[in-house]
Amino acid sequence: SKATVSVLYWTVFPPLKKNPPSSNKKMSSLTFSYLTLYARGFPPIMCFETHGVECKENPLTMETWPAMKKTGISPFGQLPLLECEHGVITQSQSIMRYVARKVPAAGGKDEKEGIVSDMLLGLSEDLWGSLSQAQPSLFAPKKDPEGVKVLWEETLPGKLSYLEAFFPKGQQNTFTSSGKTIGELGLWSLLHILVLLKPTSLDKTPKTKAFYTRILNLPSTQKVVTGKTVYGTLTDFFVKAE
C-alpha cells in the first residue's frame, strides 16, 4: 500500500550526520524578474521571503515582458530569472536551489532532508505540469472540459493521495525538521494555487491540508499572499473552468 511504501522509505534511510556548518557567504546584489502572477515566479518569492533573501524586484506584465525578452537576457527566453554574482539564473527550481546553496537551512539540515526536499520539489513540478496541460490559463483560456474533469477527479486526487502517504511517521504537517525547505515551499506554492482554484481541493487529505495551513499562517507567507512584500500583489495565472 502507499502507506507501507512511505514507512519503508523513512526506515531505509539511516540517520545521517549533520552537514558541517556553511561558510555563510554573503550574497551579492540580486535582481529578480518575474510576472506578477501566481505562476513560476511564485515559489522563488516564497523562498526569498521565508529565508530572508533580499532582492531588487523587477515586476513584469504580459505587456512589458516582450521588450525585456528581446534583449536576450534570459538564457531560455523565459521567466522568472535571477541576476546574481554568477550571471543570470532562469528556471524556477534552479533559482530555489541557488537559495538552498546560499542559505543552508533552506536545503535541509542533512543529506536525508535534502533528498526529501528535492523529491517534494519534483512533485511540485509534476503538479504544475498537470495544471498547465488541462487547466485554463491566461495563456490558454480554452481547454477541453473533459480534460479539466479528469484533472480534478482523477489526476490531482491521485497525486495528493501519494503525498498524504509520504508524510514521515508521527508527523502530520511537516516533512523536515524546519518545515521550510525549498521543496516544502515549492510544494506549498502549488497547493496554494490549487486552493485558489478550488477551496475544497485538500479536504480529503488531512495531513496535506494541515501542512498547507501551517505554512499559510507563517508571517512571511501572509506578507506574500496579501501583497505586502516588495514583490507586490500577485494575481491568478490559472482560471477556473466555466
Side-chain angles (χ1 to χ4, degrees), residues 2-28 30 32 42-55 82 84-86 89 91-128 159-160 162-192 205-224 229:
K2 296 173 186 176
T4 301
V5 171
S6 178
V7 171
L8 285 174
Y9 171 82
W10 290 99
T11 56
V12 165
F13 283 99
L16 297 174
K17 293 182 179 179
K18 187 174 181 179
N19 290 333
S22 167
S23 58
N24 196 26
K25 295 179 181 177
K26 181 178 177 62
M27 278 181 274
S28 63
L30 304 175
F32 184 60
F42 177 37
I45 288 173
M46 282 293 297
C47 287
F48 297 150
E49 284 299 310
T50 302
H51 293 288
V53 176
E54 295 184 1
C55 296
L82 181 72
C84 67
E85 72 273 25
H86 303 299
I89 305 173
Q91 298 283 350
S92 180
Q93 295 195 3
S94 295
I95 294 170
M96 295 167 74
R97 289 190 171 98
Y98 169 86
V99 173
R101 286 192 290 271
K102 294 294 186 177
V103 184
K109 70 176 183 179
D110 53 31
E111 185 178 7
K112 179 179 177 180
E113 288 197 351
I115 291 170
V116 172
S117 176
D118 277 347
M119 291 174 70
L120 295 176
L121 204 57
L123 177 60
S124 71
E125 189 70 11
D126 289 346
L127 291 171
W128 176 268
K159 292 183 184 298
L160 292 175
Y162 278 110
L163 176 63
E164 187 78 359
F166 187 63
F167 279 87
K169 187 176 181 180
Q171 296 290 342
Q172 295 188 355
N173 64 5
T174 186
F175 294 92
T176 68
S177 55
S178 73
K180 302 176 185 178
T181 60
I182 60 171
E184 287 164 299
L185 295 173
L187 172 64
W188 184 88
S189 300
L190 267 295
L191 295 179
H192 186 61
T205 50
K207 293 180 182 179
T208 301
K209 187 173 183 178
F211 165 82
Y212 169 79
T213 302
R214 176 182 62 79
I215 293 184
L216 175 65
N217 290 333
L218 294 175
S220 55
T221 303
Q222 282 299 303
K223 287 178 63 178
V224 173
T229 71

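Predicted model only: the values in this text are computed from it and were never measured.
E184 and T176 share a side-chain donor-acceptor pair at under 3.5 Å.
Residues L187 and F211 have side chains in contact (heavy-atom distance under 4.5 Å, counting atoms from C-beta outward). Residues K102 and V53 have side chains not in contact (no heavy-atom distance under 4.5 Å, counting atoms from C-beta outward). A 4.5 Å side-chain heavy-atom check between H192 and F42 finds at least one atom pair inside the cut-off. The side-chain heavy atoms of N173 and K209, taken from C-beta on, include no pair separated by under 4.5 Å. For the pair S124 and Q93, the minimum side-chain heavy-atom distance is below 4.5 Å. The side-chain heavy atoms of K223 and P219, taken from C-beta on, include no pair separated by under 4.5 Å. Considering only heavy atoms from C-beta on, T221 comes within 4.5 Å of W188 through its side chain. Looking at D126 and Y162, their side chains never come closer than 4.5 Å, going by heavy atoms from C-beta outward.
Across all their heavy atoms, P43 and M96 have their closest contact at CB-SD, 3.6 Å. Smallest separation of non-hydrogen atoms from S92 and P44: OG-CD, 3.3 Å.
Atom OH of Y212 and atom CG of L191 lie 8.0 Å apart (nearest 0.5 Å). Rounded to the nearest 0.5 angstrom, E125 CD and L121 CG are separated by 8.0 Å.
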